[in-house]
Amino acid sequence: MISIDPLSQSDRENYKLMIGSIIPRPVAFVTTLSKKGVMNAAPFSYFNIVTSNPPMVSVSVQRNQGLLKDTARNAQDTGAFVVHISDESYIEKINQTAASLGPEESEVQLAGLSPVPSEKIAVPGVAEAKIRMECVLERSIPLGGSEERPACDLLIGRVVFFHIADELVRNGQIDPEGLKPVSRLAGSSYSKLGDIFSLERPV
């Protein structure tokens with residue numbers, strides 16, 4: 001085993017170890033609205049479930065030299081965002097939204113995605129997603145870095161409405177093979193669902 005103290009390495013070196021080890025990571029495709037009404041979109045692989053009571057998800061938005069990214073700023077300003085589950089059918093368009101655009105430009109428009117109104121929040125989603133979750137911002141927590149210059153903003157979103165393609169729901173459960181989710185590895189590598197197997201939990 002190689003033993004490494006993270007304090008002996010650069011942030012970049014620690015980043016490479018983490019994104020190469022913590023795999024596969026589900027990809028949240030997040031839409032927000034700016035104060036001026038511009039629809040922003042970006043993919044995030046620092047994403048997961050927080051709790052089901054009430055349903056909550058977390059998205060960690062890394063800062064750029066201590067500065068808020070559009071997604072975190074918009075979510076804090078409007079108190080809402082939409083999380084879409086990335087899948088094979090539109091992953092190439094999602095990848096296009098990772099381009100560095102100014103806050104006055106829409107990644108949704110750039111990628112040719114189709115805005116669709118939400119039910120309970122003002123932020124639109126995109127029609128291409130098989131699953132999307134309307135979220136209100138439960139909490140935004142600056143973490144890492146220093147107190148003056150945090151490394152990220154951890155967005156906790158409470159899901160207030162689900163939109164799920166009809167063909168994916170079977171007895172109240174999601175069909176993973178129908179969803180065809182895409183997950184993030186390291187570098188420019190992604191992964192498809194792969195083989196599925198079952199293990200019974202011990203009593």
Side-chain angles (χ1 to χ4, degrees), residues 11-12 14-15 18-19 22 25-51 54-86 90-91 93-129 131-163 184:
D11 292 343
R12 184 67 181 174
N14 288 327
Y15 166 78
M18 293 186 72
I19 66 166
I22 303 170
R25 299 186 305 281
V27 181
F29 180 58
V30 181
T31 55
T32 57
L33 274 183
S34 73
K35 284 182 175 180
K36 294 183 177 180
V38 178
M39 188 175 177
N40 171 266
F44 298 93
S45 68
Y46 295 9
F47 159 61
N48 221 311
I49 298 169
V50 174
T51 179
M56 291 187 189
V57 295
S58 65
V59 179
S60 180
V61 182
Q62 304 305 294
R63 291 197 183 193
N64 184 6
Q65 298 182 343
L67 300 176
L68 283 165
K69 287 190 176 177
D70 293 342
T71 296
R73 183 189 307 106
N74 292 346
Q76 291 175 17
D77 286 345
T78 66
F81 55 96
V82 181
V83 169
H84 310 72
I85 302 301
S86 300
Y90 73 123
I91 189 61
K93 289 188 175 183
I94 290 174
N95 186 52
Q96 291 179 39
T97 68
S100 297
L101 300 183
E104 71 286 349
E105 299 177 273
S106 173
E107 294 84 358
V108 173
Q109 186 175 1
L110 171 73
L113 290 163
S114 311
V116 61
S118 289
E119 189 75 21
K120 292 193 174 182
I121 61 174
V123 181
V126 300
E128 286 77 4
I131 297 178
R132 67 182 191 272
M133 306 173 192
E134 299 179 19
C135 300
V136 296
L137 183 64
E138 187 78 12
R139 193 172 301 178
S140 178
I141 309 168
L143 293 171
S146 63
E147 188 172 344
E148 301 78 23
R149 197 170 172 175
C152 73
D153 296 280
L154 182 64
L155 307 180
I156 307 297
R158 176 162 45 88
V159 181
V160 293
F161 214 81
F162 292 96
H163 300 269
R184 194 79 161 85

_Testing the 3.5 Å rule here: is there a donor-acceptor pair between the side chains of S45 and R25?_
yes
_Is the shortest side-chain heavy-atom distance between Y90 and L113 below 4.5 Å?_
yes
*Any donor-acceptor pair under 3.5 Å from S86 side chain to V27 backbone*: yes
_Side chains of R149 and Q65, heavy atoms from C-beta outward: is any pair under 4.5 Å?_
yes
*May I have the step-by-step check of side chain to side chain contact (heavy atoms under 4.5 Å, CB included) for Q62 and D153, ending in yes or no?*
CA-CA 6 Å; Q62 304 305 294; D153 296 280; over 6 Å; no
_Stepwise salt bridge (Lys or Arg N to Asp or Glu O under 4.0 Å) check, E134 with K120_ = CA-CA 7 Å; E134 299 179 19; K120 292 193 174 182; over 6 Å; no
_Treating S34 as the side-chain partner and V38 as the backbone partner, does any N or O pair qualify as donor plus acceptor under 3.5 Å?_
yes
_pair V159-F161: side-chain heavy atoms closer than 4.5 Å_ = no
*Determine, stepwise, if the pair L154 / S140 fulfils side chain to side chain contact (heavy atoms under 4.5 Å, CB included).*
CA-CA 6 Å; L154 182 64; S140 178; over 6 Å; no
*For residues E138 and L155, determine if any side-chain heavy atom of one lies less than 4.5 Å from a side-chain heavy atom of the other.*
no
_If you count every heavy atom of other residues, nucleotides or ligands that lies below 6.0 Å from E105 atom CD, does the total exceed 12?_
yes
*In Å, rounded to the nearest 0.5 Å, how long is the span from CD1 of I121 to CE of M133?*
12.5 Å
*Has I141 got more than 12 heavy atoms of other residues, nucleotides or ligands less than 6.0 Å from its CD1?*
yes
_If I compare all heavy atoms of V123 with all of A80, which pair ends up nearest, and what's the gap?_
CG2-O, 3.7 Å
*Can you list every pair that meets ring-ring contact (aromatic ring centres under 6.0 Å, His included) and has a residue in residues 26-51, with sequence neighbours left out?*
F29-H84
*Search all heavy atoms of P142 against all heavy atoms of R63 and return the closest pair with its distance.*
CB-NH2, 4.1 Å
_Side-chain heavy-atom pair V30, T32 within 4.5 angstrom cut-off_ = yes
*Which is it for C135 and V57 under the side chain to side chain contact (heavy atoms under 4.5 Å, CB included) test, yes or no, and what are the steps along the way?*
CA-CA 9 Å; C135 300; V57 295; 4.1 Å; yes
*Mind checking the CG-CG spacing from L67 to N64? Nearest 0.5 Å is all I need.*
6.5 Å
*asked:* Are there over 12 heavy-atom neighbours, none belonging to E104, within less than 6.0 Å of that residue's CD?
replied: yes
*Yes or no on side chain to side chain donor-acceptor pair (under 3.5 Å) for E119 and H163, after CA distance, side-chain angles and deciding distance?*
CA-CA 9 Å; E119 189 75 21; H163 300 269; 5.7 Å; no
*asked:* How close do V108 and P115 get, counting heavy atoms only, and between which atoms?
replied: CG1-CG, 3.9 Å
*Full working for side chain to side chain donor-acceptor pair (under 3.5 Å) between T71 and N40*: CA-CA 7 Å; T71 296; N40 171 266; 3.1 Å; yes
*Count the heavy atoms of every other residue, nucleotide or ligand shown that sit under 6.0 Å from CG of N14, and state whether that count exceeds 12.*
yes
*How long is the gap from CG on L143 to SG on C152, to the nearest 0.5 Å?*
4.5 Å
_So L110 and L101, do their side chains get closer than 4.5 Å, heavy atoms only?_
yes
*Locate the shortest heavy-atom distance separating P124 from T31; write the atom from each residue and the value.*
O-OG1, 2.8 Å
*Output, in order, the C-alpha distance, side-chain angles, deciding distance and verdict of side chain to side chain contact (heavy atoms under 4.5 Å, CB included) for V126 and V116.*
CA-CA 5 Å; V126 300; V116 61; 5.6 Å; no
*asked:* Quick check against the 3.5 Å criterion: does N74 have a side-chain atom that pairs as donor or acceptor with the backbone of D70?
replied: yes
*Looking only at heavy atoms, which two atoms of T97 and P43 are closest? And how far apart?*
OG1-CD, 3.4 Å
*Could you list the residues that satisfy side chain to side chain donor-acceptor pair (under 3.5 Å) with S114, not counting sequence neighbours?*
E128
*Determine the minimum heavy-atom distance between R158 and M56, stating which atoms define it.*
CA-CG, 4.1 Å
